[in-house]
Chemist: 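Below is the structure I would like to discuss, written out as structure tokens.
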Amino acid sequence: MEAHERVAICPGSFDPLTLGHVDIIRRAARHFDRVVVSVLQNREKTPLFVVPERLDLIRATFEEDPRVEAAAFSGLLVEWAREVGATAIVRGIRAVSDFEYEFQMALMNRRLAPEVETVFLTPAEEYSYVSSRLIKEIASLGGDIEGLVPAPVAERLAARFPIPSVRS
């Protein structure tokens with residue numbers, strides 16, 4: 001019997017990648033042979049980092065793990081899953097409010113592609129409150145994001161939002 005590669009996708013905007021994302025992706029990689037971190041190209045939003053920058057940050061963060069790769073996609077998620085040969089969509093859930101939306105999406109995805117399962121993972125407790133939106137806000141106001149984002153992301157955010165000088 002020939003073994004088939006178990007592929008999962010972790011979709012999102014990852015603007016920017018947080019340690020909560022990293023936690024979910026690493027745990028997904030323990031259950032799948034290959035995890036494709038899939039950056040959604042959404043032309044309706046104005047991101048802090050353009051898609052190529054986000055892909056670079058993901059690749060830099062996971063450069064030691066050959067099971068994790070990064071790619072951009074647009075269109076229907078289930079079509080992307082089929083394109084990369086994924087049998088699972090991994091989604092992180094921080095709170096009950098996340099679950100309501102994610103559950104609805106999972107049911108629709110199952111309707112569109114019954115062969116692709118949605119798997120929900122919860123982040124480690126220390127990252128359960130972390131979101132890309134909060135990271136951007138803290139960084140833009142000169143706050144400390146250490147321990148919330150991977151080192152490559154922290155460096156890029158520091159370059160994007162220099163610490164303001166304090167006037168006396």
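Below, each value reflects all heavy atoms present in this structure, side chains not excepted, and no hydrogens, waters or symmetry copies. Along the sequence shown, residues are numbered consecutively beginning with 1.
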Chemist: Hey, does the side chain of Arg91 reach the backbone of Thr118 with a donor-acceptor pair shorter than 3.5 angstrom?
Modeler: no

Chemist: Can you name the salt bridge (Lys or Arg N to Asp or Glu O under 4.0 Å) partners of Arg59, sequence neighbours left out?
Modeler: none

Chemist: Ser132 vs His21, test: side chain to side chain contact (heavy atoms under 4.5 Å, CB included). Steps then yes/no.
Modeler: CA-CA 9 Å; Ser132 294; His21 293 131; 3.3 Å; yes

Chemist: Return the minimal non-hydrogen interatomic distance between Pro152 and Thr61, and the atom names on each side.
Modeler: CG-OG1, 4.0 Å

Chemist: Taking atom CG of Leu148 and atom CD of Glu126, what is their separation to the nearest 0.5 Å?
Modeler: 10.5 Å

Chemist: Going from CZ on Arg156 to CG on Leu57, what distance comes out if it is rounded to the nearest 0.5 angstrom?
Modeler: 4.5 Å

Chemist: Under the 3.5 angstrom rule, does the side chain of Asp23 hit a backbone N or O of Pro123 as a donor-acceptor pair?
Modeler: no

Chemist: Would Val39 and Phe73 count as a side chain to side chain contact (heavy atoms under 4.5 Å, CB included) if you check the C-alpha gap in whole Å, the side-chain angles of each, and the deciding distance to 0.1 Å?
Modeler: CA-CA 6 Å; Val39 177; Phe73 80 100; 6.0 Å; no

Chemist: Give a yes or no on whether Ile58 and Leu19 share a hydrophobic cluster (residues Ile, Leu, Val, Met, Phe, Trp, Tyr; joining criterion: side-chain heavy atoms under 4.5 Å apart).
Modeler: yes

Chemist: Do you reckon Val22 sits in the same ILVMFWY cluster as Tyr129, going by side-chain contacts under 4.5 Å, direct or chained?
Modeler: yes

Chemist: Same hydrophobic cluster for Val7 and Val68, using side-chain heavy-atom links shorter than 4.5 Å among ILVMFWY?
Modeler: no

Chemist: Are the side chain of Ser38 and the backbone N or O of Val36 linked by a donor-acceptor pair below 3.5 Å?
Modeler: yes

Chemist: Working to the nearest 0.5 angstrom, can you tell me the gap between Glu83 CD and Leu77 CG?
Modeler: 11.5 Å

Chemist: Is it true that Leu157 and Val51 fall in one hydrophobic cluster, defined by side-chain heavy atoms closer than 4.5 Å?
Modeler: yes

Chemist: Measure the spacing between CG of Asp98 and CD1 of Ile93 and express it to the nearest 0.5 Å.
Modeler: 6.5 Å

Chemist: Measure the spacing between CZ of Phe161 and CD1 of Ile138 and express it to the nearest 0.5 Å.
Modeler: 11.5 Å

Chemist: Are the side chains of Tyr127 and Ile24 in touch, meaning some heavy atoms are under 4.5 Å apart?
Modeler: no

Chemist: Main chain of Val130, side chain of Arg94: is a donor-acceptor contact present, judged purely on distance under 3.5 Å?
Modeler: yes

Chemist: Do you know which two heavy atoms are closest between Val149 and Leu17, and how far apart they sit?
Modeler: CG1-O, 3.7 Å

Chemist: Quick check for you: to the nearest 0.5 Å, what is the distance between Leu112 atom CG and Glu79 atom CD?
Modeler: 8.0 Å

Chemist: Which atom pair, heavy atoms only, marks the closest approach of Pro16 to Phe49?
Modeler: CB-CE1, 3.8 Å

Chemist: Can you check whether Phe120 and Phe99 have ring centres sitting under 6.0 Å from each other?
Modeler: yes

Chemist: Would you say CZ of Arg34 has more than 12 non-hydrogen atoms from neighbouring residues, nucleotides or ligands within 6.0 angstrom?
Modeler: yes

Chemist: Could you check if a side-chain atom of Arg54 sits within less than 4.5 angstrom of a side-chain atom of Pro47, using non-hydrogen atoms only?
Modeler: yes

Chemist: Is Asp15 reaching over with its side chain to a backbone N or O of Leu48, donor-acceptor style, under 3.5 angstrom?
Modeler: yes

Chemist: I need the minimum non-hydrogen distance between Ile9 and Ala86, along with the two atoms involved.
Modeler: CG2-CB, 3.8 Å

Chemist: Any heavy-atom pair between the side chains of Val116 and Asn109 that's under 4.5 Å?
Modeler: no

Chemist: Identify the heavy atoms of Ala72 and Leu55 that sit nearest to each other, and give their distance.
Modeler: N-CD2, 3.9 Å

Chemist: If hydrophobic clusters are built by linking Ile, Leu, Val, Met, Phe, Trp and Tyr wherever their side-chain heavy atoms come under 4.5 Å apart, do Phe32 and Leu121 end up in the same one?
Modeler: yes

Chemist: Using a 6.0 Å cut-off, check whether atom CD of Glu115 has over 12 heavy atoms from anything other than its own residue.
Modeler: yes

Chemist: Return yes if some donor-acceptor pair links the side-chain N/O of Glu53 with the main-chain N/O of Val50 below 3.5 Å, else return no.
Modeler: yes

Chemist: What residues form a side-chain contact (heavy atoms from CB on, under 4.5 Å) with Arg133, not counting sequence neighbours?
Modeler: Ser131, Glu137

